[in-house]
Amino acid sequence: MMISDVVYDLFAVFNAFRLACYLQQIYQIARDTTGVRAISYPIWTLWTAANSSTAIYSLTHPGNITLAWIYGLNALCCTVVMALTAFKQRQYHARIGQIPAGYPNVFDYASACQRHGTT
């Protein structure tokens, strides 16, 4: 077995663990009832961009489809974390009746009119 084979196997194992951690994070966010305060959008955006760019790079330069799939799934999981966090925070603020000023309510007609400047 060559050193490159060992490195590739380690890469695959650790990325499988990373995907499992993303799923655990998604599960915890889905169960949260306190507004998901510990999630940092800038950090998750950075991780999404890094994973996406690596997936695109692996398709265009080395042509490694496995690497592209791994990083594509990582980027997808990061996007799900951010979207679910936004949903849970919106749900929490609506439940406690303290929607921050300027926080659009996509489900409310009056709020939609306000966003679009119509009455």
Side-chain angles (χ1 to χ4, degrees):
M1 183 180 275
M2 306 272 307
I3 188 86
S4 61
D5 294 330
V6 172
V7 170
Y8 185 81
D9 291 342
L10 287 172
F11 170 80
V13 167
F14 285 120
N15 273 282
F17 285 141
R18 183 162 61 160
L19 284 171
C21 289
Y22 285 138
L23 295 177
Q24 189 271 342
Q25 182 72 59
I26 291 167
Y27 176 74
Q28 290 299 324
I29 293 169
R31 293 189 55 217
D32 187 276
T33 59
T34 63
V36 195
R37 297 180 204 152
I39 299 297
S40 170
Y41 287 109
I43 289 177
W44 282 93
T45 301
L46 177 63
W47 289 341
T48 303
N51 286 320
S52 298
S53 64
T54 304
I56 293 167
Y57 174 82
S58 68
L59 283 174
T60 58
H61 286 83
N64 188 336
I65 194 73
T66 304
L67 188 67
W69 270 105
I70 288 171
Y71 279 99
L73 286 173
N74 286 331
L76 177 64
C77 287
C78 289
T79 302
V80 169
V81 165
M82 289 189 299
L84 187 56
T85 298
F87 174 76
K88 293 297 282 192
Q89 287 176 344
R90 178 76 177 104
Q91 187 180 50
Y92 171 76
H93 288 296
R95 184 168 38 89
I96 65 171
Q98 295 179 347
I99 299 174
Y103 204 84
N105 183 353
V106 296
F107 303 109
D108 179 45
Y109 177 76
S111 180
C113 289
Q114 182 181 16
R115 280 193 315 276
H116 298 290
T118 59
T119 56

Exercise. Do Leu10 and Val7 sit in the same hydrophobic cluster, where Ile, Leu, Val, Met, Phe, Trp and Tyr count as joined when their side-chain heavy atoms come under 4.5 Å apart?
Worked result: no
For this session: Can you label the angle between the Trp47 ring and the Trp44 ring as parallel, tilted or perpendicular, going by 30° and 60°?
Result: perpendicular
Exercise. Do you reckon Val6 sits in the same ILVMFWY cluster as Leu67, going by side-chain contacts under 4.5 Å, direct or chained?
Worked result: no
Problem set entry | Thr33 backbone acceptor or donor facing Arg95 side chain under 3.5 Å | yes
Problem set entry | Tyr57 (side chain) donor-acceptor with Ala68 (main chain) under 3.5 angstrom | no
Exercise. Going hydrophobic residue to hydrophobic residue with side-chain gaps under 4.5 angstrom, can you get from Ile39 over to Ile26?
Worked result: yes
Problem set entry | Other residues, nucleotides, ligands: >12 heavy atoms within 6.0 Å of Phe11 CZ | yes
Problem set entry | Distance (rounded to the nearest 0.5 Å) between Leu76 CG and Trp69 CH2 | 9.5 Å
Problem set entry | Any donor-acceptor pair under 3.5 Å from Asn51 side chain to Thr54 backbone | no
Exercise. Any sub-3.5 Å donor-acceptor pair from Lys88's side-chain atoms to Asp32's backbone N or O?
Worked result: yes
Problem set entry | hydrophobic_cluster_shared for Met82 and Tyr71, side chain cutoff 4.5 Å | no
For this session: Please say whether more than 12 non-hydrogen atoms of neighbouring residues, nucleotides or ligands are located less than 6.0 Å from CD1 in Ile3.
Result: no
Exercise. Are Leu84 and Leu19 co-members of a hydrophobic cluster defined by side-chain heavy atoms under 4.5 Å apart?
Worked result: yes
Problem set entry | Gap between atom OH of Tyr22 and atom CG of Asn15 - 0.5 Å precision | 8.5 Å
Exercise. Between Gln89 (side chain) and Val36 (backbone), is there a donor-acceptor pair under 3.5 Å?
Worked result: yes
For this session: Could you walk me through whether Tyr92 and Arg37 pass the side chain to side chain contact (heavy atoms under 4.5 Å, CB included) test, one step at a time?
Result: CA-CA 11 Å; Tyr92 171 76; Arg37 297 180 204 152; 3.2 Å; yes
Problem set entry | Pairwise distance OG(Ser52) to CG(Asn74) - rounded to 0.5 angstrom | 9.5 Å
Exercise. What is the distance from atom SG of Cys78 to atom CD of Gln25, rounded to the nearest 0.5 Å?
Worked result: 10.0 Å
